[in-house]
Protein chains: 2
Amino acid sequence: MPEAHLTANPELPINRLLQIAVEVFAEHGFRDATVRDICARANVNVAAVNYYFRSKEGLYIEALTFAFAEINKHHSYEAAQDSSLPPEQRLHLFINYFLNKLLDDSHLGVQGKLISREIAEPTKALDIIIAKAVIPQCTVLEDIIGRLLGGRADKITLQRCVMSILGQCLMFKHSRSIIDRLFPEAIADQAAIQASAQHIAVFSLAAIKQLNLATESPL
Amino acid sequence: MPEAHLTANPELPINRLLQIAVEVFAEHGFRDATVRDICARANVNVAAVNYYFRSKEGLYIEALTFAFAEINKHHSYEAAQDSSLPPEQRLHLFINYFLNKLLDDSHLGVQGKLISREIAEPTKALDIIIAKAVIPQCTVLEDIIGRLLGGRADKITLQRCVMSILGQCLMFKHSRSIIDRLFPEAIADQAAIQASAQHIAVFSLAAIKQLNLATESPL
DNA sequence: AATCATTTAAAACAACTGTTTGATACCTAC
DNA sequence: GTAGGTATCAAACAGTTGTTTTAAATGATT
C-alpha cells in the first residue's frame, strides 16, 4: 500500500478513488456500496482498491478521515470559540455553524452524510470520529453554556443542555427524511435554514436563561 | 401468499418468521440481514420466506408493520391527549412517554430500533411509518404547544417547537452511540432516563414560555 | 380410503460480492 | 537501451446472497 501523494495531483487514481468512495459510501452505506461501482465511477480497475487500500474496509476508513479533512476546510467554528464575545452571540454563531454544516448539500453534503451514517450505524471507525470531531465541538458548546449559566451549573446539567442543543440541530440530519415530508418549509432555502438556526438559538437561550433563574432564585 | 392467522397461534412458522425478522432486521438492517439467518433462527426452511411473503422485501414490510402493532401495545400517549389536563403537565407526560419508548431496550427495543433505522435510511416502507406513527404524535405535540402559546403562534413557529422537542428526544436514539461514549450517565438506569425526560420538559417549557412573552409583550 | 390443496424440505440456480492472480504497460535510473 | 520496480488491467476465484425448483409430507374433505 504505497503511502504517496495524498494531497498531490487529484487526478491520480488513488485520489479519484478516495473522492468517489466518499460519495458512494455516503449514498449507499458501507455494505451496500460495491467496490465495482466505486471503481467504475472513478474510472479505475477493480483491483486498485485492494492494491492501494488493502481492502474495502481500508478504503472506507481512509474515505472517512478524508471526509473530515474536507469538511473542516469549508466550515469552521473558530468565531464561536472567541471567548471575548458575549456567550449569547457565541451560541448563535455555534448553532449557525453547526446547522449549516449539517444541511449544506452543495459541496459538503456527501461528507456530512457519510459521517452521520457512521454515527447512526457505527463501524470500528467511530472512535476516530468521536475523538476528532465530536469531542472538540462538545467542549466549545459546553464552555458557552457554562458561561451563560455563570458557572452555577453542575456537570450533568451542562451536558444535558449540550445534548438539548445538539439534538435540535441533529434532528435536521438524522430525521431528514421526515423533515422533507412534514416540514419542508423549514429547510427550503438558505433563508429558511437561517431562520431555523435562529429559532434553535432563541429557543435554547430562553431555556438556559430560565434554568439560570431557577437555580439562583430559590436559594 | 396465504393471508391466514396473523394473530393466531404464535408457534406457526409464519409468525415465528415475523417475530425473528423484526429482531434480525433491527440488528443488521435490511441489506445486512440474510433470509438464511432469519430462517435458521426461526427454525424454518429458507423457502418459507418466499412462500409466505413473496420476497425478502415483503417480509421486511410485514415485519415493520408488525413492529408497530407490538410497540403500540405497550406504550401509549393517551394521557398526553387528555385536553382537560393543563398543557404543562401534558408536555411532561408526552416527553416522558416518547423518551421511554425510544430508550426501552427491554421488550420494545428491537421494534424501536427497526423503526428508527428505517427513518435514518428510508426504504419504500417509510411512508407507512410516517402516516401511522409520526403524524399522529406530531399532531398531539403540536396541540399541546399551541395551548402553551395560547394560540398566539403561527404554524411555522409551532412546527419549529415540535421539532425542537422531538429533536431533543430523538438524539437519544439516533446518536445513541455517541451518548453511550460521552454521556453514559444520562441513560444509566430508569431514574436517569426519568431525569433526562424531566430536563427536556423543563428546558422546553422554559423556552416556550419565553417565546410566549416575546410574542405578546413587544406589541 | 382417496383426493385435493396446503405446507415443509433439500437442493440447486443464477447473480453478485470482495479479493487474488498473472500478465502487460509504464517509467525511472543506470 | 535495458533492468527493475511501480502501476494498471482483464480474468478468474471463492464465497454468499435471494430465489426457484422439485419432491415429499401433512391434513382436511369427500
Side-chain angles (χ1 to χ4, degrees), chain A residues 1-64 114 117 121 123-125, chain B residues 1-64 114 117 121 123-125:
Chain A
M1 178 171 49
E3 200 58 41
H5 20 67
L6 269 178
T7 56
N9 191 345
E11 291 308 319
L12 290 177
I14 186 172
N15 292 320
R16 286 208 311 272
L17 263 181
L18 264 182
Q19 208 163 336
I20 300 287
V22 172
E23 292 177 24
V24 178
F25 281 133
E27 192 175 339
H28 295 105
F30 176 71
R31 175 63 189 274
D32 279 11
T34 72
V35 310
R36 278 181 170 82
D37 181 24
I38 294 172
C39 291
R41 294 204 214 180
N43 264 315
V44 168
N45 189 274
V46 266
V49 164
N50 299 81
Y51 180 71
Y52 285 113
F53 301 99
R54 202 192 74 248
S55 69
K56 182 187 183 184
E57 192 180 337
L59 173 59
Y60 178 72
I61 292 174
E62 292 291 332
L64 213 52
L114 175 58
R117 190 186 277 279
E121 205 163 335
T123 71
K124 296 162 199 160
Chain B
M1 178 173 46
E3 200 59 38
H5 21 66
L6 270 177
T7 56
N9 190 344
E11 291 308 322
L12 291 177
I14 185 173
N15 291 321
R16 286 209 311 273
L17 262 180
L18 264 182
Q19 207 162 337
I20 300 286
V22 171
E23 292 177 22
V24 178
F25 281 133
E27 192 176 339
H28 295 104
F30 175 71
R31 175 61 190 276
D32 280 11
T34 73
V35 310
R36 278 182 171 81
D37 182 23
I38 294 172
C39 291
R41 294 205 214 178
N43 264 315
V44 167
N45 190 274
V46 266
V49 164
N50 298 81
Y51 179 72
Y52 285 112
F53 301 98
R54 204 194 71 248
S55 69
K56 181 188 182 183
E57 192 181 335
L59 172 61
Y60 179 71
I61 291 174
E62 292 292 332
L64 213 51
L114 176 58
R117 191 185 277 278
E121 203 164 334
T123 71
K124 297 160 198 160

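Keep in mind that what you see is a predicted model, and the values were worked out from it rather than measured.
- Closest contact between the side chain of A:Tyr52 and the listed nucleotides D:dA7, C:dT7, C:dA12 involves D:dA7.
- The main-chain N or O of A:Val46 is never found under 3.5 Å from a side-chain atom of A:Arg36 such that the two would form a donor-acceptor pair.
- Distance A:Leu59 CG to C:dT17 C1': 15 Å, rounded to the nearest Å.
- Put simply, CZ on B:Arg31 is 8 Å from C1' on C:dT17, counting in whole angstrom units.
- For the pair A:Asp32 CG and D:dG18 C1', the interatomic distance rounds to 14 Å; values are reported in whole Å.
- At whole-Å resolution of the value, NZ in A:Lys56 and P in C:dC16 are 15 Å apart.
- B:Ala47 comes within contact range of at least one nucleobase, with a heavy-atom separation under 4.0 Å.
- Here D:dT17 is the nucleotide among D:dC9, D:dT17, D:dT20 with the atom lying nearest to any side-chain atom of B:Thr34.
- With sequence neighbours excluded, the residues satisfying side-chain contact (heavy atoms from CB on, under 4.5 Å) with B:Ser55 are B:Glu57.
- Between A:Asn45 and D:dA10 there is a side-chain N or O to OP1 or OP2 distance below 4.0 Å.
- In this structure, B:Asn50 places its CG atom 9 Å from P of D:dG18, rounding to the nearest Å.
- Note: OH (A:Tyr60) to P (C:dG18) measures 14 Å, nearest angstrom.
- Between the CG atom of B:Asn43 and the P atom of C:dT8 there is a distance of 12 Å, rounded to whole Å.
- Proximity of B:Tyr51 to the phosphate of C:dT7: a side-chain N or O atom is located under 4.0 Å from OP1 or OP2.
- One distance of note links CG of A:Leu17 with CD of A:Glu62; it measures 11.5 Å at 0.5 Å rounding.
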Under 3.5 Å, which donor-acceptor pairs link side chains of residues 25-34 of chain B to any protein atom two or more places apart or in another chain?
from    : atom 1 : to      : atom 2 : distance (Å)
B:Arg31 : NH1    : A:Asp32 : OD1    : 3.2
B:Asp32 : OD1    : A:Arg31 : NH1    : 3.2
B:Thr34 : OG1    : B:Asp37 : N      : 3.0

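- At whole-Å resolution of the value, CZ in A:Arg36 and C1' in D:dA10 are 12 Å apart.
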